[in-house]
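Before any comments, here is the structure.
Lettering follows sequence order; numbering is per chain, from 1.
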Amino acid sequence: MSKVNRNLIIAIALLAIAPFVLYPVFLAKVLCFALFALAFNLLLGYAGILSFGHAAFLGTGGYITGWAMLNTGMSTELAILLGTAAGAALGAIYGKLAIKREGIYFAMITLALAQLTFFLYLQAPFTGGENGMQGIPRGELFGFIDLTNNLTMYYVVALIFLFGYAVVSRAIHSPFGQVLKAIRENEPRAISLGYDVNKYKWVAFVISAALSALAGSTKTIVFQLASLTDVHWHMSGEVILMTLVGGVGTLMGPIVGASLIVTMQNYLSTGEMGNYIHIIMGFVFVICVLSFRNGIVGQWNKFKAKNF
Amino acid sequence: MFDINLFALSGQLLIGLINGSFYALLSLGLAIIFGLLRIINFAQGAMYMLGAFCALLFLKWFGMSYWVALFVVPFVVAVLGILIERFLIRPIANLDHLYSLLLTFGIALILQGSFTHLFGSSGLPYSTPAELKGGMKLPFMYLPNYRAWIIASSVVICGLTWYMIEKTKLGAYLRAGTENPQLLQAFGINVPLIITLTFAFGVGLAGFAGVLAAPVYSVAPDMGSNILIVVFAIVVIGGMGSIGGAIITGLLMGIIEGLTKYFYPEASATVIFLVMMLVLIVKPAGLFGKEG
């Protein structure tokens, strides 16, 4: 059995056992954010593009899925698909605009576009403004799997997460992913080799936006809530932090980072330390950038390469 | 076609000009820092917030008047800028500039989080200096003195900065450093010092804007992050090619925002972002941008 298959089986086994050790809804939250960070890392880690506006896609997935569940009576999987499609469509438009500029301009443009999205959702009649969209039913998957059971819900989220992981993993190990890495390492060279660099970046951006929206849609179903928190610029910052802590440009990094940050937030929000959460996140940012740029997984890979 | 109420329109235009004055000061600071350091300072909004809070706290602690604060606070903020540049930004100056962007974002989170923790998230009032209370009655509108003062002082500071950079010896060093720092260093100019001072000056401008803003907006921890994202859009619209461009675009966007508030208030929060989208389609390098 190859090493990749062995790791995959271990991972699936862990996902299957986990809800018997930890609270399923917490695990579902971790997996949603892990998927979000995976999607984000496809851009930053493999194409070298920093998006500062990914909250727009997470939030769009959540709001559109929530709207569909509340108003159309469609089954859960269709509502999630609709949310994902909406995120992909928004990503297609924003991606087209943002890839006209590079580097820090790209970051500023995506941040500004995400802020535009924030205001649109704040003012739109269907989102409930500051109160958010509440009481969204979980519904039934394919019309017969009842999702009100937290354990069932968790396994559905785990499957969605595995699907997202497979998409990202397939993308970066394909010729498409190789071109992305070439762009990251040396863009002028990729251009001179005849690649339509902007098209590759745009496709990566749309995939990333779609998966982020998938994460947002799923999260909305789990928590039965869609709110402005998910479109706020803080959220765009959080996903960057998750990726940075875990390890930019590694497949496992965003998953490790998301688990860590979500655990930290859950732990802090219940205790006295809740007020300090943004200060702590700021310090983690500064420390990571100054002296821990490889992240946990990157550092581990380095350690392994040296010692084994 | 429109039933134009001149009184209300000029009122909104005035508010637009005031917002534009702050946009101009902040985007000018960003452009100066970007010119030499090639980084975008995400903490610029936090420095603006810090400026407003310093004015408030110095009044409370030392009884420092508005006029003294207007001179002292920018220096305090600039000193913090020197420390940040020297000890945090410089060690990673040779890495990809995305790292310095993330670093300054972290600093902004720390500052905003700390002030929220200490003073709560709702705003605190800072009273208008006695000398500038009251206002003038113009034929078509009422102009409060303090608002006139904001516009005038912002235009003067922007003008002086423009003059210093474009017309003086120090400005020539700065522009040379933007073009080719190695060569400038070879001529015996202390480039690292110039970089530090430039950063300090850029954030000092934000501190100045903060003091100026304290009497008109309530002093709140999130006052900086909200305005900064708009200023980013303005920087994209104007392009960072020129100092004058940053100033003009800032004022212009303030006016456009004011006009939108009058004609179609629902879009006033989003109009600048929409202009940014339009500019990206028509002229991606920005109105004053040089790079392709």
Side-chain angles (χ1 to χ4, degrees), chain A residues 44 48-53 93-94 96-124 184 232-234 236-238 240-241 243-244 248 273-291 293, chain B residues 30 34 38-40 42 46 87-89 91-92 95-118 221 225-226 228-237 239-240 266-274 276-278 280-281 284-286 289 291:
Chain A
L44 180 62
I49 327 176
L50 174 62
S51 159
F52 227 107
I93 298 167
Y94 285 4
K96 257 291 183 273
L97 287 167
I99 53 171
K100 287 173 183 256
R101 305 297 301 270
E102 282 169 5
I104 47 182
Y105 277 103
F106 188 91
M108 287 196 288
I109 293 168
T110 44
L111 177 61
L113 291 173
Q115 191 74 352
L116 170 71
T117 318
F118 175 86
F119 280 119
L120 292 179
Y121 286 131
L122 179 66
Q123 293 175 343
R184 177 187 68 189
H232 196 267
W233 58 265
H234 269 154
S236 300
E238 268 171 41
I240 300 176
L241 189 62
T243 311
L244 196 63
V248 176
M273 297 287 279
N275 292 326
Y276 293 97
I277 199 151
H278 288 125
I279 309 179
I280 294 171
M281 281 177 57
F283 274 110
V284 176
F285 248 111
V286 170
I287 292 165
C288 278
V289 169
L290 286 179
S291 54
R293 286 181 291 274
Chain B
L30 281 180
F34 180 80
R38 295 281 140 195
I39 69 166
I40 277 293
F42 248 77
F87 295 107
L88 297 175
I89 295 177
I92 56 164
L95 299 173
D96 194 322
H97 293 312
L98 293 180
Y99 283 114
S100 52
L101 189 149
L102 295 178
L103 176 82
T104 52
F105 177 69
I107 294 170
L109 279 183
I110 295 172
L111 283 172
Q112 187 176 334
S114 307
F115 277 86
T116 309
H117 179 60
L118 292 172
S225 55
N226 291 340
L228 186 69
I229 301 178
V230 177
V231 170
F232 279 168
I234 288 171
V235 161
V236 174
I237 293 168
M240 297 234 262
E266 289 83 358
S268 62
T270 46
V271 65
I272 293 181
F273 302 118
L274 296 172
M276 182 191 82
M277 292 173 87
L278 194 70
L280 281 171
I281 294 167
E291 65 271 42

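Listed options B:I92, B:L102, B:V236 were ranked by heavy-atom pairs under 4.5 angstrom with chain A; first place goes to B:L102. Among B:V230, B:I272, B:L103, the residue with the largest count of heavy-atom pairs under 4.5 Å with chain A is B:L103. Taking chain A as the reference chain and counting heavy-atom pairs below 4.5 Å, the highest number among B:A267, B:P91, B:S225 is found for B:S225. Each of A:F283, A:F118, A:Y94 has some count of heavy-atom pairs under 4.5 Å with chain B, and the biggest count is that of A:F283.
Looking only at side-chain heavy atoms (C-beta outward), B:L88 and A:V289 stay at 4.5 Å or farther from each other. With a 4.5 Å cut-off on side-chain heavy atoms, B:I281 and A:K96 do not count as touching. In this structure, the side chains of B:L101 and B:I39 stay at 4.5 Å or more apart for every pair of heavy atoms.
Aromatic ring orientation, A:F52 versus B:F42: parallel (interplanar angle below 30°, classes split at 30° and 60°).
For A:I104, the parts lying near chain B are the backbone and the side chain together; criterion is any non-hydrogen pair under 4.5 Å. Looking at B:M276, the atoms closer than 4.5 Å to chain A (heavy atoms on both sides) all sit in the side chain, from C-beta outward.
Residues passing the ring pair (Phe, Tyr, Trp, His ring centres under 6.0 Å) test with A:F285 are B:F105, sequence neighbours excluded.
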